[in-house]
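All of these numbers come straight from a predicted model, not from anything done at the bench. As a basis for the values below, the full set of heavy atoms in this structure was taken, side chains included, without hydrogen atoms, waters or symmetry mates.
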Amino acid sequence: MSEYTEHDTGQSSSGREPLSSEAAQALRAYAARKRDQADQVAGVLEDIAENGLPAIEDCVPWEELREAKLTQLHTQRGHVA
């Protein structure tokens with residue numbers, strides 16, 4: 001485990017301002033999501049290293065991925081000018 005996960009949140013290191021328990025919990029949840037995303041990327045890279053690059057026919061062009069993501073964001077947040 002990282003040294004940061006072992007610290008008691010009730011004590012602050014010198015020069016640090018302690019977080020509220022809600023803020024600390026939200027920050028830990030964000031870190032967990034980022035860790036999961038990094039694990040997914042690592043898994044893809046390991047698969048490529050083991051099996052090689054996928055065939056072009058099996059790939060989705062980045063433009064389609066971009067448009068799908070923009071559509072998803074638009075739906076989630078509404079149109080932003």
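Atom CD of Glu67 has more than 12 heavy atoms from other residues, nucleotides or ligands within 6.0 Å. Residue Gln72 qualifies as enclosed at atom CD: its count of foreign heavy atoms under 6.0 Å is above 12. Summarising the local packing, CG of Leu70 is surrounded by more than 12 heavy atoms from other residues, nucleotides or ligands at distances under 6.0 Å.
Atom NZ of Lys34 is separated from atom CG of Asp39 by 13.0 Å, given to the nearest 0.5 angstrom. Atoms CZ and OG, on Arg28 and Ser21 in that order, are 9.5 Å from each other to the nearest 0.5 Å. Annotation: the span from Gln40 atom CD to Gln37 atom CD amounts to 7.0 Å, rounded to 0.5 Å.
Asn51 places a side-chain N or O within 3.5 Å of a backbone atom of Asp47 that can act as its donor or acceptor partner.
Contact annotation: the side chain of Lys69 approaches that of Leu73 to within less than 4.5 Å [non-hydrogen atoms, C-beta and beyond].
A continuous path of hydrophobic side-chain contacts links Leu53 to Val44 [ILVMFWY only; heavy atoms under 4.5 Å].
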